[in-house]
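What follows is one structure encoded as structure tokens, with my remarks underneath.
Lettering follows sequence order; numbering is per chain, from 1. On a predicted model such as this, the values are computed, not experimentally measured, just so you know.
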Amino acid sequence: MMANGMDTVVQQNGGATLGQASQEESKTNLIVNYLPQSMTQDEIRSLFSSIGEVESCKLIRDKLTGQSLGYGFVNYHRPEDAEKAINTLNGLRLQNKTIKVSYARPSSEAIKGANLYVSGLPKNMTQQDLENLFSPYGRIITSRILCDNITGLSKGVGFIRFDQRVEAERAIQELNGTIPKGSSEPITVKFANNPSNNNKAIPPLAYLAPQATRRYGGPIHHPTGRFRYIPLSPLSSTGKAMLAINKGLQRYSPLAGDLLANSMLPGNAMNGSGWCIFVYNLAPETEENVLWQLFGPFGAVQSVKVIRDLQTNKCKGFGFVTMTNYDEAVVAIQSLNGYTLGNRVLQVSFKTNKSKAA
DNA sequence: TGCGATT
């Protein structure tokens, strides 16, 4: 039912190395990394509220510029919602990013300044190699090797974030200036630039991929081109729902008559802010995360809504997605209209005002 | 077939 040659399944662990269950009271608080630059706190809240009731939500911003640092925290009331959020939202593609959702560690001084910058790495060293090299000195939270955008080859530079600063300090002492086996050049290991200290226009190294870097470390997954939408991420919690392409790739042809016409109907699509999109033929068990996964890759999504029967709580077969930018909405519609989701062919268009005669 | 009643 899957294995259509065009299906793309993203193996989503990004090499993250968290694993221990030895955490204490962090069963409701999540850290969300690799958020799209433009994503607002409200949009984050909207996304995570699709899982369960959110107690609090905080997008971390640059103290001076107010710009998003690309990560934030979401605290749920219920631990089971937090767990579900990890299961269904981790690896979600939003615009040019793939977000990471994991339990937040308890905030403390000891975990700050535990990020290391490593250079002089042999070009053939993998992320796993890097972790193996550093793992003797502590618990690795994240690791990453920077790759050339075009060639995908290692730049010989990477980052290691330890759980504790003391672990990072020890790794510096033990590894700085040493020559990895099989290499000829010594590596440099030092503390990474701390975004909060450097008030320069230096992007926060630990969390935000630089603008030019469209890629994150890990295996060379091919980021999907904007006009070549390859649905992915088998919808974890909901089960199967493997997305498949059943339709030729479409190009965005400007001024596709119907699209434009519909979107301009009075009082319809553009309600205050954003363009509302109607999605029809959703399965009864559809949840919000399905809509996020479908539309997220195309651009800024403000909100999604699955319409449910009040008695059965099952989806009534349709839903709505509000996107910020017209262009992105058009591409999303043209790309998703006619796609097969499960065994259903979706119909996607700008929302019109059918019933509800104001 | 179809276009949000839980702020």
Side-chain angles (χ1 to χ4, degrees), chain A residues 39-59 74-78 80-81 84-85 88-89 235 238 241 243 246-247 256-296 298-358:
Chain A
M39 199 166 185
T40 66
Q41 184 165 289
D42 283 346
E43 287 167 350
I44 295 164
R45 177 180 278 272
S46 174
L47 171 58
F48 284 82
S49 294
S50 70
I51 301 294
E53 192 181 353
V54 169
E55 186 273 332
S56 63
C57 171
K58 183 174 192 179
L59 173 63
V74 174
N75 191 36
Y76 282 99
H77 286 286
R78 298 200 300 271
E80 53 268 38
D81 288 335
K84 186 179 176 189
T88 71
L89 263 26
L235 312 178
T238 329
L243 307 180
N246 73 332
K247 189 177 168 188
D258 289 345
L259 270 182
L260 197 58
N262 278 335
S263 67
M264 292 311 180
L265 288 176
N268 293 352
M270 185 67 170
N271 285 328
S273 78
W275 300 87
C276 192
I277 298 167
F278 174 63
V279 186
Y280 182 70
N281 211 18
L282 297 169
E285 61 275 15
T286 302
E287 297 186 46
E288 269 74 7
N289 67 299
V290 171
L291 295 179
W292 284 105
Q293 295 192 16
L294 284 170
F295 288 83
F298 291 96
V301 174
Q302 292 177 1
S303 64
V304 306
K305 180 77 173 175
V306 171
I307 305 306
R308 295 183 170 84
D309 183 287
L310 278 67
Q311 317 303 123
T312 68
N313 211 32
K314 296 289 187 182
C315 175
K316 292 167 76 169
F318 62 96
F320 298 95
V321 174
T322 301
M323 297 186 69
T324 303
N325 305 304
Y326 178 80
D327 291 354
E328 293 171 345
V330 169
V331 176
I333 290 169
Q334 297 204 140
S335 301
L336 294 173
N337 183 41
Y339 272 128
T340 297
L341 177 60
N343 55 354
R344 295 161 174 268
V345 179
L346 298 184
Q347 295 174 43
V348 183
S349 63
F350 279 112
K351 177 191 185 314
T352 65
N353 40 6
K354 283 288 176 72
S355 59
K356 186 196 178 178

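For the pair A:K305 NZ and B:dT6 C1', the computed distance is 8 Å after rounding to whole Å. Across the protein-nucleic acid pair, A:F350 atom CZ and B:dC3 atom P stand 19 Å apart, rounded to whole Å. Between the CD1 atom of A:I307 and the P atom of B:dC3 there is a distance of 11 Å, given to the nearest Å. Counting to the nearest Å, the P atom of B:dT6 and the CD atom of A:E288 are 12 Å from each other.
Along DNA chain B, the nucleotide nearest to A:F318 and the one nearest to A:L310 differ in position, and the one closer to the 5' end is contacted by A:F318. Nearest-nucleotide positions on DNA chain B place A:N281 closer to the 5' end than the other of A:K316 and A:N281.
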Please tabulate, for the side chains in residues 44-54 of chain A, all donor-acceptor contacts under 3.5 angstrom to protein atoms that are two or more places apart in sequence or on a different chain.
{"residue": "A:S46", "atom": "OG", "partner": "A:Q302", "partner atom": "O", "Å": "3.4"}
{"residue": "A:S49", "atom": "OG", "partner": "A:R45", "partner atom": "O", "Å": "2.7"}
{"residue": "A:S50", "atom": "OG", "partner": "A:L47", "partner atom": "O", "Å": "2.5"}

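Among the candidates A:K305, A:R308, A:K84, the single residue satisfying the salt bridge (charged side-chain N to carboxylate O under 4.0 Å, His left out) test with A:E288 is A:R308.
Residues A:F350 and A:F278 keep their aromatic ring centres 6.0 Å or farther apart.
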